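Atom set for the values below is all heavy atoms of this structure, side chains included, hydrogens, waters and symmetry mates excluded. Computed from a prediction, not measured in an experiment: that's the story for all the values here.
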Amino acid sequence: MDTKIILEPGYLYLIDFIFLATPEADSFMQITPKINGALKLLYSFFAPTGSASRNASASGSFTIPVIEDSAAVSFNLTYPESVRNIDITGAISVTALHKITGSKCR
């Protein structure tokens, strides 16, 4: 079940994220934001691990204008079926950058 961040209408939001994980060696993880349930591949981050390391990190940022209806933001984690266990932790920051009035940011 996804944990969702609900963004109220009337603002341009900045979303920053960082995730740290330990998938298997020679593997990967991919973090993809979801906005209103739709995957946003443009903002996804692919994080491979090497043969000598199991550490991977993924970070990024993007903006979302929320004009009329609220928006739900969540993150999708993808990794290979061969990975038996993946420990992941992370942080997400949400900042309202501008108030939107009509079709303009102020």
Side-chain angles (χ1 to χ4, degrees):
M1 185 161 96
D2 288 338
T3 299
K4 295 179 183 171
I5 300 167
I6 305 299
L7 304 176
E8 295 301 317
Y11 294 93
L12 173 67
Y13 292 94
L14 172 65
I15 311 295
D16 293 302
F17 64 91
I18 184 167
F19 292 98
L20 308 170
T22 55
E24 311 277 329
D26 289 323
S27 189
F28 70 89
M29 72 165 182
Q30 182 172 6
I31 299 290
T32 307
K34 289 175 26 178
I35 301 172
N36 292 330
L39 291 171
K40 299 300 180 181
L41 296 176
L42 179 64
Y43 308 130
S44 69
F45 195 100
F46 181 81
T49 58
S51 59
S53 175
R54 293 182 49 201
N55 298 324
S57 64
S59 63
S61 61
F62 56 94
T63 57
I64 303 174
V66 183
I67 299 172
E68 294 180 2
D69 297 325
S70 60
V73 176
S74 59
F75 290 83
N76 187 65
L77 170 65
T78 305
Y79 53 90
E81 291 180 14
S82 61
V83 172
R84 297 179 306 261
N85 181 36
I86 185 168
D87 295 323
I88 187 165
T89 187
I92 301 165
S93 172
V94 178
T95 305
L97 295 177
H98 293 285
K99 175 101 173 122
I100 299 173
T101 56
S103 60
K104 298 181 180 180
C105 290
R106 294 191 178 191

Distance in Å, Ile35 CD1 paired with Lys4 NZ, rounded so as to fall on 0.5 Å steps: 13.0 Å
Polar side-chain atom of Asn36 near backbone of Ala72 as donor-acceptor pair, under 3.5 Å: yes
Transitive ILVMFWY side-chain link Phe75 to Leu42, under 4.5 Å: yes
Non-neighbouring partners of Leu39 that pass side-chain contact (heavy atoms from CB on, under 4.5 Å), sequence neighbours left out: Thr32, Lys34, Asn76
Common cluster, Ile88/Ile92, ILVMFWY with side-chain heavy-atom separation under 4.5 Å: yes
Expected output: side-chain Thr49 to main-chain Ser27 donor-acceptor under 3.5 Å: yes
ILVMFWY clustering at 4.5 Å (side-chain atoms), partners of Phe46: Phe28
Spacing of Gln30 atom CD and Tyr79 atom OH [to the nearest 0.5 Å]: 13.5 Å
Identify all side-chain donor-acceptor contacts of residues 8-26 below 3.5 Å with residues at least two apart in sequence or on another chain.
from, atom 1, to, atom 2, distance (Å)
Tyr13, OH, Glu8, N, 3.2
Tyr13, OH, Glu8, O, 2.8
Glu24, OE1, Arg84, NH2, 3.4
Glu24, OE2, Arg84, N, 3.4
Asp26, OD1, Ser51, N, 3.1

Euclidean distance, Ile31 CD1 relative to Ser57 OG, rounded to 0.5 Å: 10.5 Å
Anything under 3.5 Å between a donor and an acceptor, one on a side chain of residues 58-69, the other on a protein residue two or more places apart or in another chain? List them.
none

Student check: side-chain heavy atoms of Met29 and Leu77 closer than 4.5 Å: yes
